[in-house]
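Position 1 is the first residue of the sequence, and the numbers go up from there. Just so it is clear, the model here is predicted, and its values are computed rather than measured.
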Amino acid sequence: ASAFEIALILAQEGRRPRVEVDVDALNKQLDDADKMQLGVKVDKNSDYFGFNNWDEVVSYVEVNQTCDIAPFSKLIQANGVGPLRKAIQNLSQAEGDCLVSTAHKSKGLEFGNVMLYDDFIWNAEEKDKPLMTIDESRLTYVAATRAMNNLDYGGLRGFFKQLYKLDEKNRATPLTR
């Protein structure tokens, strides 16, 4: 959902992004959101299974903003099912001036320029847990090493600030030059 959100922003800015996403999975989420908005139950394989209606989804996402369904549910709530369905069709088939991809789909590929988005999961709150899980650190590594010339890691700014704070706390003596 984050890749799709970035593509929408780029399109609004006049760019022509091509999106490497699982179109079938996004359309399934849109179909299920449409059903939920009409009060129709969804099947047990749906991301929205267990909710009775769309209002419950929206309420849940407001309280649990980092849950898996939050990014795309927020896009649906903000834009509507119809416009998102049209955008998915356009962005997934377009010859673009840039490519928007998930870190998973970028594995094994190389690009001249790479910009990392701020959707990597890291722990800023729980002091007794690692800052980032092994799996998430590997995914971050995959994404960051796709760049051949330029890497914009601004999306990881919050992570690096937290890492610096941890380093300051653990440093025995201040750095001197």
Side-chain angles (χ1 to χ4, degrees), residues 1-109 111 113-123 132-133 135-136 138-140 142-144 146 152-159:
S2 296
F4 187 65
E5 181 180 10
I6 289 296
L8 287 176
I9 292 167
L10 289 168
Q12 290 169 351
E13 292 175 353
R15 301 287 305 267
R16 293 183 344 270
R18 183 170 63 90
V19 184
E20 287 292 324
V21 294
D22 185 344
V23 173
D24 292 336
L26 291 179
N27 278 321
K28 167 102 170 81
Q29 278 189 289
L30 288 174
D31 290 344
D32 290 345
D34 209 13
K35 287 177 186 176
M36 296 293 293
Q37 290 173 353
L38 296 171
V40 176
K41 296 282 185 192
V42 294
D43 65 66
K44 66 180 179 181
N45 297 319
S46 171
D47 289 342
Y48 302 120
F49 181 72
F51 295 99
N52 292 312
N53 55 52
W54 186 251
D55 289 336
E56 281 187 10
V57 173
V58 171
S59 296
Y60 179 80
V61 166
E62 285 176 3
V63 174
N64 302 283
Q65 296 202 13
T66 60
C67 69
D68 289 345
I69 64 169
F72 202 62
S73 299
K74 288 178 184 178
L75 278 177
I76 293 169
Q77 188 64 17
N79 298 285
V81 171
L84 286 178
R85 193 178 306 281
K86 184 177 179 183
I88 288 170
Q89 184 67 25
N90 292 340
L91 295 173
S92 64
Q93 295 181 357
E95 284 295 322
D97 61 0
C98 60
L99 173 71
V100 179
S101 175
T102 64
H104 289 97
K105 288 197 176 257
S106 73
K107 189 172 182 178
L109 303 175
F111 305 97
N113 303 302
V114 171
M115 182 180 90
L116 300 180
Y117 191 58
D118 66 353
D119 61 344
F120 291 95
I121 300 168
W122 52 278
N123 169 31
M132 187 179 274
T133 66
D135 288 342
E136 195 69 11
R138 287 180 180 143
L139 185 61
T140 305
V142 165
R146 302 306 91 202
D152 177 347
Y153 54 85
L156 292 174
R157 185 174 294 118
F159 172 77

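Annotation: the span from D34 atom CG to N27 atom CG amounts to 11.0 Å, rounded to 0.5 Å. Atom CZ of residue F49 and atom CG of residue D32 lie 11.5 Å apart, to the nearest 0.5 angstrom. The structure places CG of D47 at 10.0 Å from CZ of F72, a figure rounded to the nearest 0.5 Å. Here the CG-CG distance, from L75 to L26, works out to 9.5 Å after rounding to the nearest 0.5 Å. From D118, atom CG reaches atom CD1 of I6 across 7.5 Å, with rounding to the nearest 0.5 Å. The line from CG of N52 to NZ of K41 is 3.5 Å long, rounded to the nearest 0.5 Å.
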Item to check | Criterion side-chain contact (heavy atoms from CB on, under 4.5 Å) on D152 and N113, from CA distance to verdict | outcome: CA-CA 8 Å; D152 177 347; N113 303 302; over 6 Å; no
Next on the checklist: For F51 and I69: C-alpha separation, side-chain torsions, deciding distance, then whether side-chain contact (heavy atoms from CB on, under 4.5 Å) applies.
Outcome noted: CA-CA 12 Å; F51 295 99; I69 64 169; 3.9 Å; yes
Next on the checklist: Run K28 and D43 through salt bridge (Lys or Arg N to Asp or Glu O under 4.0 Å) and show every step you take.
Outcome noted: CA-CA 11 Å; K28 167 102 170 81; D43 65 66; 3.3 Å; yes
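Side-chain contact check for K74 versus Q65: some heavy-atom pair is nearer than 4.5 Å.
Other residues, nucleotides and ligands contribute more than 12 heavy atoms inside 6.0 Å of the OH atom of Y117.
Applying the salt bridge (charged side-chain N to carboxylate O under 4.0 Å, His left out) rule to D24 yields no partners; only residues at least two apart in sequence or on another chain are considered. For K86, there are no salt bridge (charged side-chain N to carboxylate O under 4.0 Å, His left out) partners two or more places apart in sequence or in a different chain. Scored by the side-chain contact (heavy atoms from CB on, under 4.5 Å) test, D31 finds R85 as partners (sequence neighbours excluded). Checked against side-chain contact (heavy atoms from CB on, under 4.5 Å), A33 has the following partners two or more places apart in sequence or in another chain: Y48, W54, I76, V81. Taking the side-chain contact (heavy atoms from CB on, under 4.5 Å) definition, one finds that C98 meets it with L10, R15, P17, sequence neighbours left out. Residues meeting the salt bridge (charged side-chain N to carboxylate O under 4.0 Å, His left out) test with D68, sequence neighbours left out: none.
Nearest heavy atoms, R146 versus V114: C-CG2, 3.8 Å. Across all their heavy atoms, P83 and N79 have their closest contact at CG-O, 3.2 Å.
S106 contributes a side-chain N or O that, together with a main-chain N or O of A103, makes up a donor-acceptor pair within less than 3.5 Å.
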